[in-house]
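Working notes, structure below.
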Amino acid sequence: MIAIIDYGAGNLQSVKKALDYLGYDSIVTDDKNEILSADRVILPGVGSFGDAMESIRERGLEEVIKEAANGDKPFLGICLGLQLLFRHSHETPDVEGLGIFDGEIVTIPRVEGIKVPHIGWNDVKISQHSGIFSGIKDESYFYFVHSYYLRNAESDIVAGTTHYGVDIQCAVQRGKVCATQFHPEKSSEAGLQLLHNFATMQ
């Protein structure tokens, strides 16, 4: 069973529908026992870093998420779910994130020809061809919706990068704990392959 953590964020049902399509059992839940007893866990999210962390704490889910992401089972953060795994974001610098990984979440710079938020398809240069990227061709395209991005993460956890006015570290992976800035559930065949890889990860 795959637990999709419900802390009041969006895109929960789109993730579940993608897993349903692939034939994997999943549940949308904020129940601590269901999350911790699941075989694998997904932390999705759209919206504000600060609002998300406030909702997570109000629902008493912070320590549950940290325990689920301790490396014992496959764990996947999606979009805002990636950003929340880091300690801080420039979006709400006074709010502390989950601190699973080290790195900076900063604003996409507004340069000529670049619209923010970044909405659309970008190719991803894959640097870890195992785990969630197994069998996925380098420079495959994935779908992004975001205004903030990861930089200066530890090099050994960076699994994928893209370029949108600036180099963006858009996927991280350390053991069974991984996250993507893009939305695999909205990324056609490559995204479905990534979700299949996660759902079968040992």
Apply side chain to side chain donor-acceptor pair (under 3.5 Å) to Q181 and Q83, showing your working.
-> CA-CA 8 Å; Q181 181 62 66; Q83 298 177 17; 3.0 Å; yes
Where the side chain of K176 meets the backbone of A69, is there a donor-acceptor pair that is under 3.5 Å apart?
-> no
If two hydrophobic side chains count as joined below 4.5 Å and joins carry through other members, does F144 share a cluster with L76?
-> yes
Separation between CD1 (I5) and CG (D30), nearest 0.5 Å, reads 10.0 Å
Same hydrophobic cluster for V15 and Y7, using side-chain heavy-atom links shorter than 4.5 Å among ILVMFWY?
-> no
Evaluate whether atom NZ of K186 has more than 12 neighbouring non-hydrogen atoms of other residues, nucleotides or ligands under 6.0 angstrom away.
-> yes
Passing option when W121 is tested against Y141, F182, Y143, F142 for ring pair (Phe, Tyr, Trp, His ring centres under 6.0 Å) | Y143
Applying side-chain contact (heavy atoms from CB on, under 4.5 Å), run through I27 and M1 and close with a yes or a no.
-> CA-CA 7 Å; I27 184 171; M1 177 64 71; 4.0 Å; yes
Gap between atom CG of L192 and atom CD1 of I136 - 0.5 Å precision | 10.0 Å
Under 4.5 Å between any side-chain heavy atoms of K16 and L12, yes or no?
-> no
Please identify each residue that fulfils ring-ring contact (aromatic ring centres under 6.0 Å, His included) with Y164, with sequence neighbours left out.
-> H118
If you count the non-hydrogen atoms of other residues, nucleotides and ligands that lie under 6.0 Å from NZ in K137, is the total more than 12?
-> no
T162 (side chain) donor-acceptor with V124 (main chain) under 3.5 angstrom | no
Working to the nearest 0.5 Å, report the span between NE2 of H146 and CD1 of I168.
-> 4.5 Å
Which is it for E96 and R87 under the side-chain contact (heavy atoms from CB on, under 4.5 Å) test, yes or no, and what are the steps along the way?
-> CA-CA 6 Å; E96 187 168 345; R87 196 167 303 281; 3.5 Å; yes
Do you know the tightest heavy-atom contact between T92 and G50?
-> OG1-N, 3.2 Å
Rounding to 0.5 Å, atoms CZ (F86) and CZ (F49) come to a distance of 10.0 Å
Are I105 and H88 close enough that some pair of their side-chain heavy atoms sits under 4.5 Å apart?
-> no
Closest non-hydrogen atoms of P44 and I4, given as atom of the first, atom of the second and distance, are CG-CG2, 3.9 Å
Taking D6 as the fixed residue, which of V28, D31, L61, I35 is the one that meets the side chain to side chain contact (heavy atoms under 4.5 Å, CB included) rule?
-> V28
Is there side-chain contact between S134 and H129, with at least one heavy-atom pair below 4.5 Å?
-> no
Linking I/L/V/M/F/W/Y whenever their side-chain heavy atoms sit closer than 4.5 Å, directly or via other members, would M53 and F101 fall into one cluster?
-> yes
Main-chain N/O of D51 paired with S55 side-chain donor or acceptor, under 3.5 Å | no
Closest non-hydrogen atoms of P109 and I114, given as atom of the first, atom of the second and distance, are O-CG2, 4.0 Å
Which heavy atom in T180 sits nearest to a heavy atom in P184, and how many Å separate them?
-> OG1-CD, 3.6 Å
Are E185 and K17 within salt-bridge range, i.e. N to O under 4.0 Å?
-> no
Take L150 and C170, measure what side-chain contact (heavy atoms from CB on, under 4.5 Å) needs, and give me the verdict at the end.
-> CA-CA 7 Å; L150 170 64; C170 63; over 6 Å; no
E34: partners by side-chain hydrogen bond (donor to acceptor under 3.5 Å, both in side chains), with sequence neighbours left out = T29
Could you tell me whether the side chain of R174 reaches within less than 4.5 Å of the side chain of D156, counting heavy atoms only?
-> no
Return the minimal non-hydrogen interatomic distance between K66 and L98, and the atom names on each side.
-> CE-O, 3.3 Å
Do you reckon L82 sits in the same ILVMFWY cluster as L194, going by side-chain contacts under 4.5 Å, direct or chained?
-> no
Pairwise distance CD1(I2) to OH(Y24) - rounded to 0.5 angstrom = 8.0 Å
Say you draw a straight line from CG of D25 to CG of D39; how long is it, rounded to the nearest 0.5 Å?
-> 9.5 Å
Indicate if L85 and L80 have the same hydrophobic cluster label, given that clusters are the connected sets of ILVMFWY residues with side-chain heavy-atom separations under 4.5 angstrom.
-> yes
Got a sec, which residues hit side-chain hydrogen bond (donor to acceptor under 3.5 Å, both in side chains) with H163, two or more places apart in sequence or on another chain?
-> D167
Give the C-alpha distance, both sets of side-chain angles, the deciding distance and a yes or no for side-chain contact (heavy atoms from CB on, under 4.5 Å) between M201 and R40.
-> CA-CA 9 Å; M201 183 184 293; R40 53 204 73 225; 3.9 Å; yes
For the residue pair V158 and S127, what are the closest heavy atoms and their distance?
-> O-OG, 2.8 Å
Are any of the side-chain heavy atoms of Y148 and I108 separated by less than 4.5 Å?
-> no
Given side chains that start at C-beta, do those of E63 and E67 come closer than 4.5 Å, heavy atoms only?
-> no
Partner of F75 under side chain to side chain contact (heavy atoms under 4.5 Å, CB included), picked from V177, I42, I100, N70, is V177
Are the side chains of I132 and Q173 in touch, meaning some heavy atoms are under 4.5 Å apart?
-> yes
